Amino acid sequence: MGDRWELGAAAGGSLLLCTALLVVGCALGLRLGRGRGAADRWALVWLCYDALVHFVLEGPFVYLSLVGNIANSDGLIASLWKEYGKADARWLYFDPTIVSVEILTVALDGSLALFLVYAIVKEKHYRHFLQITLCVCELYGCWMTFLPEWLTGSPNLNTSNWLYCWVYLSFFNGVWVLIPGLLLWQSWVELNKMHQKETSSVKKFQ
């Protein structure tokens with residue numbers, strides 16, 4: 001039973017790298033969000049972290065998967081994905097669905113996150129269009145990552161270990177469902193406010 005709760009060196013290193021990216025994302029987001037409301041500041045924190053994960057972690061995953069596979073690769077990023085592969089074996093070897101989703105995630109979601117940071121900081125009119133598009137893409141990525149696996153009985157998922165089940169699979173993937181969902185709600189609220197304000201202005205001139 002003790003082995004099930006042991007945090008090994010590989011797991012510790014992977015979690016440390018993710019934490020380092022979170023710290024950098026927080027620093028960048030809070031700096032860019034100075035003078036803005038709390039919601040926008042934390043949105044910027046998330047977007048900076050999101051972009052870092054897509055480009056720093058998932059970008060190399062795509063490259064390594066296209067030239068070979070994670071299981072036979074070396075290096076810091078490869079070791080992180082090998083650790084995650086203990087929870088989901090599809091990430092160790094070339095899985096067409098996973099690699100296809102990740103190509104889209106890196107190229108589209110990563111770029112959209114950067115454009116959205118710019119739109120928030122510069123108060124661009126297209127901010128919520130980008131925010132809704134990015135959130136839908138993130139949610140679609142999670143859907144396509146797990147639904148095909150669930151439909152086939154989850155043969156590649158390892159839920160026997162608390163770390164793999166609740167941290168790697170549930171927490172890290174759940175964050176990419178929860179926060180895009182909250183940002184979609186924020187966009188809905190803000191667009192509704194804009195509509196009500198415009199409607200009120202039109203009525204005043206009638």
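Note that this is a predicted model, so its numbers are computed, not measured.
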Quiz item: Pairs in or reaching into residues 16-36: which pass side chain to side chain donor-acceptor pair (under 3.5 Å), with residues at least two apart or in two chains?
Solution: R36-D40, R36-E123

Self-check item: Spacing of OH belonging to Y126 relative to CG belonging to L116, to within rounding of 0.5 Å
Solution: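 Rounded to the nearest 0.5 Å, the OH-CG separation comes to 10.0 Å.
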
Quiz item: Could you state the interatomic distance from OH (Y49) to CD1 (I179), rounded to the nearest 0.5 Å?
Solution: 9.0 Å

Practice problem: Kindly check if the number of other-residue, nucleotide or ligand heavy atoms within 6.0 Å of CZ (F115) is above 12? | Solution: no

Self-check item: More than 12 heavy atoms from other groups under 6.0 Å of OH on Y140
Solution: no

Practice problem: Quick one: sort the W81 and Y84 rings into parallel, tilted or perpendicular, breaks at 30° and 60°. | Solution: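 Plane angle over 60°, so perpendicular.
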
Quiz item: Apart from W42 itself, what residues make up its hydrophobic cluster when side-chain heavy atoms of I, L, V, M, F, W and Y under 4.5 Å apart count as a link, directly or indirectly?
Solution: L30, V45

Quiz item: Given a cutoff of under 4.5 Å between side-chain heavy atoms of I, L, V, M, F, W and Y, with clusters grown through shared members, what are the other residues clustered with L191?
Solution: I132, V136, L139, V177, L184, M194

Quiz item: What residues, two or more places apart in sequence or in another chain, satisfy side-chain hydrogen bond (donor to acceptor under 3.5 Å, both in side chains) together with D50?
Solution: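 Expected list: H54, W176.
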
Quiz item: With K82, which residues qualify under side-chain hydrogen bond (donor to acceptor under 3.5 Å, both in side chains), at least two apart?
Solution: none

Nearest non-hydrogen partners of [X] and [Y], listed with the distance:
{"X": "L32", "Y": "C48", "result": "CD1-SG, 4.0 Å"}
{"X": "P180", "Y": "C135", "result": "O-SG, 3.4 Å"}
{"X": "L112", "Y": "C137", "result": "CD1-SG, 4.3 Å"}
{"X": "S73", "Y": "L64", "result": "OG-CD2, 3.8 Å"}
{"X": "S170", "Y": "C165", "result": "OG-O, 2.7 Å"}

For [Y], is there any backbone N or O sitting under 3.5 Å from a side-chain donor or acceptor partner on [X]?
{"X": "D109", "Y": "L134", "result": "no"}
{"X": "E102", "Y": "E58", "result": "no"}
{"X": "S111", "Y": "L108", "result": "no"}
{"X": "N173", "Y": "L169", "result": "yes"}

Quiz item: Any side-chain heavy atom of F61 sitting closer than 4.5 Å to one from I98?
Solution: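 Yes, at least one pair of side-chain atoms sits under 4.5 Å.
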
Exercise. Test side-chain contact (heavy atoms from CB on, under 4.5 Å) on L76 and S79 and set out the steps.
Key: CA-CA 5 Å; L76 179 62; S79 66; 4.2 Å; yes

Quiz prompt | N69: partners by side-chain contact (heavy atoms from CB on, under 4.5 Å), with sequence neighbours left out | solution = A71, N72, Y93

Practice problem: Give a yes-or-no answer on whether the side chains of S187 and Q131 include a donor-acceptor pair shorter than 3.5 Å. | Solution: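 Present: a donor and an acceptor within the cut-off.
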
